[in-house]
Amino acid sequence: MCGIVGFVGREEAAPILLEGLSRLEYRGYDSAGLAIWGAQDGLQVVKAKGRLQVLSDLTQGGATLHGSIGLGHTRWATHGEPSDVNSHPQVSERGRFAVVHNGIVENYMEIREFLQNQGITFVSQTDTEVVAQLLDYLYEGDLLDAVAKMLHRIRGAYAFGIICADCPDKLVAVRKDSPLILGHGEGFQMLASDVTAVIKYTREVTYLDNDELAVVTPDGVQVYDAYLQPVEKEQHHVDWEISAAEKGGYEHFMAKEIMEQPEAFRKTVFPRIRDGQVALDDLHFEKDYLEQLDKIYIIACGSSYHVGMVAKYNFEKLLRKPVEVALASEFRYSEPIVTGHTLALVISQSGETIDTLTAMREAKRLGARALAIVNVVGSTIAREADDVLYTWAGPEIAVATTKAYSTQMAVTYLIALYFAQMMGTISPEEYAAIVSELLLIPTKLETILAQSQDIQYYASLYFNHPSIFFIGRNIDYAVGMEGSLKLKEISYIHSEAYAAGELKHGTISLIEPGTLVVALASCRAVFEKEMSNVVEVKSRGADVIALTTEDLAGETAKTVDHTIAIPTTHPMLLPSLDVVPLQLFAYYVALQRGCDIDKPRNLAKSVTVE
Ligand code: F6R
């Protein structure tokens with residue numbers, strides 16, 4: 001999704017903005033632009049379709065733009081194709097306002113028509129130009145007044161950075177449902193879509209809340225609410241190192257993040273296990289509340305939803321409570337049955353996914369208590385949930401999630417154990433067995449990662465296949481969904497995940513000699529059934545890679561072409577191990593195909609539009 005950076009200080013702004021934008025590239029974009037105000041040259045705007053490098057070349061790394069206040073933007077096209085003219089910043093006809101925007105202005109058409117009737121000419125197809133033109137139309141010498149009036153006229157989700165050539169000592173930042181943070185330094189201030197863009201310059205940040213507006217000058221920031229009343233904001237110190245957002249010798253962030261999983265799992269789980277007990281100090285649930293739950297509604301998108309699919313099996317098994325897993329984008333529009341006894345478990349790496357955020361708000365409105373699993377500290381979902389458990393995966397830069405998925409999964413295990421113990425639905429023996437296995441997962445992950453060359457070999461055999469199936473039963477099916485998504489999003493190979501028993505109800509007609517089927521066969525309870533389905537596809541000519549545990553590998557080897565064996569563990573924890581070979585397979589297939597692994601086409605890291 002679009003990335004915003006703003007700088008106001010005493011140095012040249014353009015190189016700093018380009019550096020900040022480079023840190024936001026991972027979010028996904030198709031064009032980029034800069035607006036700088038300088039005493040000599042006034043408002044200078046340069047923007048270009050394509051990679052940030054194009055913009056950097058056009059401005060000689062920012063050296064051709066002079067001024068110490070400016071805005072930068074990477075655009076992920078929504079209204080209007082990716083093009084130079086549709087790129088941001090968008091400037092008003094009179095050249096007084098330059099605006100960068102993340103989000104969608106829903107009523108932009110009616111405002112555009114209104115302004116056109118006033119004689120204003122538009123040059124782009126964007127909703128953002130409407131905002132720049134509207135600001136100029138409403139401006140009567142008072143910047144804040146114009147911004148406030150503009151905000152009353154628009155509907156939608158947005159984060160804006162605004163420069164007004166009449167007030168060149170300040171930037172205005174506004175947000176509603178799209179993220180925006182402020183960074184504070186000695187003699188300079190920044191604004192940005194996320195912390196990665198400012199961390200090189202400062203670790204002191206403020207998270208803007210919905211409907212807040214900030215006036216940003218070199219010496220400080222004043223935040224206002226929607227009625228222009230001043231708001232006191234708390235500053236936060238960011239404690240992760242900038243190296244966490246760098247490749248550290250790996251060819252891709254995705255490879256680095258796959259390899260970081262043992263450590264991320266440790267950081268997420270180990271501090272929360274004390275004396276063999278799951279200690280979730282941030283949660284304050286009562287036994288009565290849990291016993292009276294009528295349902296746990298898990299709400300998420302994409303890979304986070306796949307974590308929810310696994311969690312459903314584990315929660316229902318351990319808690320004996322009904323669990324429904326909802327795609328966040330469907331939840332709001334499906335008249336969900338939610339009561340005051342429903343727990344909404346919301347899962348999001350970014351904490352900003354608009355579908356998940358709005359679904360969580362709806363669940364809360366209907367009476368649910370919202371417990372969020374989030375990676376990005378201070379993100380909107382984390383702040384609006386009733387309870388939050390952070391995954392300590394560190395910044396995840398590759399668009400395709402890996403370590404966030406793994407740590408989200410880890411947190412669902414902790415919640416399941418914590419609730420089950422409180423409700424008395426788990427025996428002390430089983431509890432102890434799962435906890436001790438949980439502590440072994442990082443070492444087992446390291447074992448799997450050390451064998452990545454086997455998976456690289458399988459990738460070299462199959463990277464040219466037009467279509468690949470993932471089949472499994474029970475939690476193997478849920479993990480297969482993630483394996484399939486990983487493969488298609490980064491390698492662009494068509495892939496489907498199927499419940500193995502469902503194949504013969506239609507999809508098996510697609511199996512022909514040479515079709516690759518990845519069969520997840522790690523759940524011992526359904527192993528034989530799964531293997532019957534493997535035989536069905538084998539006898540129709542499929543090539544099969546089985547993913548199973550060491551103790552079952554001898555069995556699969558009798559039937560399939562290749563076996564990937566993972567260490568054994570408690571059945572509930574298998575997804576944490578199963579997923580890694582699938583991530584590696586997707587990665588190596590994409591590598592063989594020469595794909596842009598960290599920034600796959602059409603995708604964005606943080607999806608802040610519905
Ligand atoms: C896939 C992927 C996406 C995200 C989804 C939700 O690799 O990363 O499917 O899982 O967009 O994002 P979050 O978890 O940030 O809400």
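All ligand and atom numbering here is 1-based and tracks the order in the structure.
- Near Ser348, with a cut-off below 4.0 Å to any heavy atom, the atoms of ligand 1 are 13 (P), 14 (O), 15 (O), 16 (O).
- For the residue pair Gln583 and Thr402, no side-chain donor N or O sits within less than 3.5 Å of a side-chain acceptor on the partner.
- Looking at atom 5 (C) of ligand 1, its nearest protein heavy atom turns out to be Cys301 O, 3.6 Å.
- Among protein heavy atoms, the minimum distance from atom 13 (P) of ligand 1 is reached at Thr353 OG1, 3.2 Å.
- For the residue pair Lys486 and Ser303, a side-chain donor N or O sits within less than 3.5 Å of a side-chain acceptor on the partner.
- Within the structure, ligand 1 lacks Thr402 among the residues with a heavy atom less than 4.0 angstrom away.
- Looking at Thr356 next to ligand 1, no N or O pair under 3.5 Å apart turns up.
- Judged purely by distance below 3.5 Å, without hydrogens or angles, the side chains of Asn86 and Thr126 never pair a donor atom with an acceptor atom.
- Annotation: atom 4 (C) of ligand 1 to nearest protein heavy atom, Ser303 N, 4.0 Å.
- Below 4.0 Å from some heavy atom of Lys486 lie the following atoms of ligand 1, by number and element: 1 (C), 7 (O).
- For atom 11 (O) of ligand 1, the nearest non-hydrogen atom of the protein is Val607 CG2, 4.2 Å.
- Side-chain atoms of Gln408 and Ser304 form a donor-acceptor pair, as typed in the model, at a separation below 3.5 Å.
- Residue Glu489 touches ligand 1 through its side chain alone, judged by heavy-atom distances below 4.0 Å.
- Salt bridge annotation for Arg266-Glu260: absent, with no cationic side-chain nitrogen under 4.0 angstrom from a carboxylate oxygen.
- Those atoms of ligand 1 that come under 4.0 Å of a heavy atom in Ser350, given as number and element, are 13 (P), 15 (O), 16 (O).
- We find that Glu362 and Arg332 are not joined by a salt bridge, their nearest charged nitrogen and carboxylate oxygen being 4.0 Å or further apart.
- Ion pairing between Glu212 and Lys233 holds under the 4.0 Å rule for side-chain N and carboxylate O.
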